[in-house]
Each structure stands twice: as structure tokens, then as C-alpha cells.
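Here is the structure we will look at, set down as C-alpha cells.
Note that the structure is predicted; figures quoted are calculated from it, not measured. Throughout, a chain's letter reflects where its sequence line sits, starting with A, and its residues are numbered from 1.
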Number of protein chains: 2
Amino acid sequence: MSPALQGHRVPMREFSRSLPMALLRAREAVMRQFRPSLRRHGLTEQQWRILRALAAVDASEVTELARTAFLLGPSLSRILRDLEARRLIERRTAETDLRRGVVSISEKGLKLMEEVAPSSEAIYAAITRRYGARKLAELHAMLGALEASLAGLDTEEASEAAASEQE
Amino acid sequence: MSPALQGHRVPMREFSRSLPMALLRAREAVMRQFRPSLRRHGLTEQQWRILRALAAVDASEVTELARTAFLLGPSLSRILRDLEARRLIERRTAETDLRRGVVSISEKGLKLMEEVAPSSEAIYAAITRRYGARKLAELHAMLGALEASLAGLDTEEASEAAASEQE
DNA sequence: GGCAAATACTTAACATGTTAAGTTTATCCG
DNA sequence: CGGATAAACTTAACATGTTAAGTATTTGCC
């Protein structure tokens, strides 16, 4: 009676049940709150992630930073180049291994973080109030569990299942 | 005793408690499973979203499609141009309003979907097995609730909180 | 009717995501 | 020791994310 507007019969679940879509929408709803504040300080979301990651340590190798800030190497390379040009970070080469770069946040970078942090924390607090601290903690746990449960799947079932459809 | 590796004192919560980061990591863990299959068929994640959205209806206006596939206008414009060049979609102009474009999936697009859908469903099934159908449903609900709870926040508390820090 | 404002895109410009290839330096091993 | 491999980035190329501007049509209103 009401398959919305006809549509074509394709053997797929409803779009609304797509997990990646649900995660994307939720993330965007959250990020939409932070972006304007970051933008006022001339920072992108990824640049902010890098500064936060660097502020938590004394220094970090590039590969380690990529893992911490959850960025791919090529993206990180470009962003570090720009952040260094803005003097928000400092970089040197490891003495024992000339292949490795070592990055740290600069005084200027720390000063910028201190400017941004309060409004960022205020927004996070507002989100927590709205959604509920308990639910937020529960969501965090479920997201972590999801990530963990898929950790080893990469080269197993999923790819096999996909591959078997290729034959 | 163990603030990891020193780090600089900045008034921010731990990076690991960042909600956007948790959502990003979870989403990436999921998408990592799907991307290879899509890639084998020459599709990006966003192109696939558009095809899925179009397969569920007879036709859609561009603005409506942007909302459904959760893409920004400029991204959608580019992708539709490419999908049309590949003849996976068809587009025309609305008779009653020449500003509006009307898009629909083509026969070729449907055929491609039928090729991709099985492996996509298989992967989704594998994820569901791993994580648990019940938990997955619960996660979906919590993500929807989060999105809903932040819906009206945009121009209220968060921005005010952020703005007040600007003074 | 006709002009100002709004709507529905599209284009532009710059930043990042993603995969592949390239470069430099270390490490392995015969 | 020295060549083959591997490791740690960096660069390249193309697709999308994001904001601002631009274009074509339509609406609202006097």
C-alpha cells in the first residue's frame, strides 16, 4: 500500500538501517556544533585533532601521531606541513633513525589551544546535558565494542563473503 | 605517577573521550569492510549511497536526494555529473519548475546494484553476527537519539557557550 | 506587470580522504 | 661488506567535504 513512491526492487535492506549512515549522521550532528568555534580560530577538525594529540605528549613520531589522531599518512603529511608553516608545531628528525620525523606542539600552538579549549569544553558539556551523561558513556562503550568486534574481521569473513559473490 | 609521557597542561578532557573521534573510529571500522567490495565495482561510498537512495524511489529532486543520501549540494552536483556520464543515472528538469532537477537510477545502474548488493548484504550479515543483532539495534537507537537530541541545539546553547568564550 | 527577495542548483577554491607510486634511510642476510 | 627488502615518510592523482559566490528561475508583493 505504501512503498513510499514505488522504487525499484533491489535485494537490499532499507537505507535507514544502514549502520555507516547512522554513524555518519550522528557524527555530523555532533561536529556541526564544534566546527563554527574551530573555524573562528582558523582550525579544521583534523588540525584540531592533531593539536590535541600533541598536547597530550611531549613529542610524537609521525606514524604514531597518525595512529593517535586517526589520520592517514598522506593527510597527515600535508597538515603537518601547513601547521609547521603556521608555527603551531615544531618538527625535527630522530637522531637514531633519519627516516623518522618527531613532532611536538609549539608555544604558539599551546596558546591557541588554550583559546579554543574553553568553548570546546562548553559545547561538549551542552551535548552531554542534552543527551545525558549516562547514555553518553553507554554509547561510548558500544562504539568501542563495535570497533573491537570488527578488528580482526578485515581479512576474514567479510572479504570472503564479498569474494564469494564475485565468482 | 603516569601521565603517559609528560604532555602539556591544557584544560581539555582526554582525547580518548572525544565523541566525534569515537564515532569516526567506529564508522571507519565498519566502512573498511565495505570499501573493497565497492571498489571492485568502481564505486565510492558516496556513489553507492546515491544509487541506494535512488533505487528506493521512482525519481527524486536533487535537493531531496541530498537530504536522503546525506551529502552536501556541491558534492552531490559533482557526483551526479559523473554518474550521469557513466549512464548509471538519468536526469531531467521538472516541468513546473525549471530550477529543479529530477534524477532517477537507470537500467544500467540497477544492474550494477544487483551485482553489488549480495556481497554488501553478506558483509552486513557478518558484522551483525560479530557484534550481535540486539546490540546493533540498540546502537542504532542510541545514534538516532543522539542526532535527535542535538537537532535544535545548533543555534542555541552550543553557539552561545562558544560565543561567550569569545568575549 | 515588474522588481526585490528567495530558491535550486552549480562553480570555485581550498582542505582532507584514499590508493598508488616515489624517495630516503634502516635492517636483514648471505 | 653489500645488495635485496623493508620501513617511514612524501608526493601524486583523483574524489569528496566545506564554505562562499555565481547563475537561472520562481515567488512575493506593491
Given [options], which nucleotide is nearest the side-chain atoms of [X]?
X: A/Arg35; options: D/dT19, D/dT25, C/dT18; value: D/dT19
X: A/Val62; options: D/dT16, D/dC9, C/dT10; value: D/dC9
X: B/Leu72; options: C/dT18, D/dT18, C/dT25; value: D/dT18

Output all residues satisfying salt bridge (charged side-chain N to carboxylate O under 4.0 Å, His left out) with B/Arg99, sequence neighbours left out; order by chain, then residue number. B/Asp97
Would you indicate, yes or no, if [N] has its OP1 or OP2 atom less than 4.0 angstrom from a side-chain nitrogen or oxygen of [X]?
X: A/Thr44; N: D/dT18; result: no
X: B/Ser77; N: C/dT10; result: yes
X: A/Thr63; N: D/dC9; result: yes
X: B/Gln47; N: D/dT16; result: yes
X: B/Arg91; N: C/dT10; result: yes

Whole angstrom value for the distance that separates [atom2] of [N] from [atom1] of [X]:
X: B/Arg92; N: C/dC9; atom1: CZ; atom2: P; value: 12 Å
X: B/Arg100; N: D/dT27; atom1: CZ; atom2: P; value: 8 Å
X: A/Arg81; N: D/dT11; atom1: CZ; atom2: C1'; value: 10 Å

For atom NZ of B/Lys135, decide whether the heavy atoms of other residues, nucleotides or ligands shown that lie under 6.0 angstrom number more than 12. yes
Do B/Arg78 side-chain and D/dG17 base share a donor-acceptor contact under 3.5 Å? yes
Heavy-atom donor-acceptor pair, B/Arg99 side-chain to C/dT7 base, under 3.5 Å: yes
For B/Leu72, the rest of its hydrophobic cluster, which grows through side-chain links under 4.5 angstrom: none
